2 protein chains.
Amino acid sequence: MSIREVAEQAGVSMATVSRVFNRPDTVNAVTRAHVLQMAQTLAYLPNASARSLRTQRSRVIGVVLPTLLNPVFAECLDGIAKAASSAGYAILPITTDYRLESEELAVQQLLAGNVDGMLLVVSNPATSSALARLRTANLPYVLAYNQHPDHPCVSVDSERAVHELVARLAALGHRRITLISGQLAASDRAQQRQRGFSAGMQALGLDGTQWLEVPFVETAVQDICALLQRSPRPSALVCSNDLLAIRSIRAAHLAGLRVPQDISVTGFDGIALGEDLTPMLSTITQPNAEIGRHGVQLLVAAMAAGEAVSPASSVLLAHGFRAGESCAPLS
Amino acid sequence: MSIREVAEQAGVSMATVSRVFNRPDTVNAVTRAHVLQMAQTLAYLPNASARSLRTQRSRVIGVVLPTLLNPVFAECLDGIAKAASSAGYAILPITTDYRLESEELAVQQLLAGNVDGMLLVVSNPATSSALARLRTANLPYVLAYNQHPDHPCVSVDSERAVHELVARLAALGHRRITLISGQLAASDRAQQRQRGFSAGMQALGLDGTQWLEVPFVETAVQDICALLQRSPRPSALVCSNDLLAIRSIRAAHLAGLRVPQDISVTGFDGIALGEDLTPMLSTITQPNAEIGRHGVQLLVAAMAAGEAVSPASSVLLAHGFRAGESCAPLS
DNA sequence: TTGTATGCGTTATCAA
DNA sequence: TTGATAACGCATACAA
């Protein structure tokens, strides 16, 4: 069903039908009603490819995420999807599983896929070849969760958040605090959180060099469990994300420790599920959906203006702290 | 950068450049190398819209899901994304938040978006107006998680799974078992699970009429907590999904009950996170990623053949049972 | 207010 | 093995 058939059936020109859909105000009311009626009965839908080809815009936003298996990104994508939809955009998501070559491939694919802009979470903006490629393509893009002066970013101040968190734990009496981190090399967020940890500990005169890097999900629980069985053990674990915190609680259980009575555990991300757990996760909360929404908003504005998103429009959204139950005063 | 410019720069015709990309074997090796080289230096990428317009296929699969905030669907989408990608398809997901009007709108949008096929999870295939519309559009589609004789479906046998589960609980000594269900009206899965519960209980000579329908996430914990404070209380809760199971465990905690010592709780879905919880979730596992993968596979085959997916190709994948720790013999 | 005609970038048909 | 060309469905400049 094409615009031509609708035009023929309605007894008007293709141009008129086109105008009915794109600039309804420029066509006579009765003609418009007639055309609309005809389009309706013929179940006419404008062909997106033809429209994109002609207008040179697809109304599609490409999205590059590490994974959907971490609820942080699922929540964010949900925000992206809603914001995009209400701005009249569709989304085309690709996951990279934290693999650098996938990042570059994803950007490549999206470039070829004719997207109008891209929203991405990369491993490390400073070294990302995907970003380099994207820049030369001159396509509007925004980074989410990443933070870098040369790129437009929507994130929270991870470093400060963890710094504050450490102070909070210290105020509860904790002195032996260990950081449980994801792969530092694979994520600028992990690095920022680690810096916040070290700085926070140092500011309190505590030892900020104790951390465990957990490279693989599969062995995370074992690794943490092993750490907890060494003596002396920490009285608090600062985990660089909520999934690690959940696994730390599991590890504590396997090591025969109660949370929070024997050991405090904190997370980072504020995934919704954490609120339903027992003990409820004590964690730094990020507005995940809002991060997505805001990113889309910046992107849409830039695409409308036909220009790149300025790094100057980067924003740090407010983080929060959910007290939860996985964290208690040192007894 | 268009095919025409590449052709000019390479000193060949547009047709040859096109062939280099689409049927490389039909063009002379040195010509091909030359064109490829030129395309490379010009950073040429074929325009997806033009290609779609010409070939009448977009190589995009539309995906309609209730939400990404339930890890079940995030895991499934992950499987879909990977399968689609390796088959050369992109995906265009839309979430409906379990709202019927959104389902119809989503189908409408995807139809207009020129997708080659659709993979969807609807509330209820029997009554879905979205599906009716989709059928008249004559576009290949597959349902996931849903189950209905008139449609091609990829799912597990929910009814049997819950039936078996009830028997398992009874074998542990449980007699007073209550079903915690999501909105029955909003989901055929919930209905199937409820039927499995009733049938399973009845087969054992137990009272299969005890169930609590939890319509809203916001009040789920309170509602379940209230149930647990009535006397006599059930010794086991069969939850119709993992998120409800997690909230039930929370509710038990708030009611002063220990899981599984005071009350057993089982889930349904097998979300990965359940394995890291303490107590580890006892649950019926579905191969969520595999459901997505299989759906894509059926769809891709049908799209290649240019025909609809037959309801006869519906498949019930095997479910499993994760013993976990949230479930124990009646003491 | 409406119609005519062109071109967006590609693939496919046909001829060379 | 290659080239010329038409057509996919649409939006828009321009003419009426």
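Predicted model only: the values in this text are computed from it and were never measured. Proteins come first, then strands; the chains are lettered A, B, ... in the order of their sequence lines, and each starts at number 1.
The phosphate of C/dG9 has OP1 or OP2 within less than 4.0 Å of a side-chain N or O from A/Q56. The side chain of B/R4 contributes no N or O atom lying less than 4.0 Å from OP1 or OP2 of C/dG9.
If you take CG of A/L53 and C1' of C/dT11, they are 13 Å apart, rounded to a whole angstrom. Atom CG of B/L45 and atom P of C/dT10 are 10 Å apart (whole Å).
In this structure, a donor-acceptor pair under 3.5 Å is absent between the side chains of A/S58 and A/N114. Using a 3.5 Å distance cut-off with no hydrogens or angles, the side chains of B/N288 and B/Y145 do pair a donor with an acceptor.
Minimum atom distance to the side chain of A/R54 is reached by C/dG7, of the listed C/dG7, C/dT11, D/dT1. With distances taken from any side-chain atom of A/T31 to the nucleotides C/dT1, D/dC10, C/dG9, the minimum falls on C/dT1. With D/dC10, D/dT1, D/dG9 as the candidates, the nucleotide lying closest to the side chain of A/I3 is D/dC10.
Of the residues in residues 6-25 of chain A, those lying under 4.0 Å from DNA chain C by heavy-atom distance are A/V12, A/S13, A/A15, A/T16, A/R19.
The neighbour count for A/Q40 CD, taken as heavy atoms of other residues, nucleotides or ligands under 6.0 Å away, does not exceed 12.
Residue B/S49 comes nearest to A/L53 through the heavy atom pair CB-N, 3.9 Å, listed as atom of the first residue, atom of the second, then distance.
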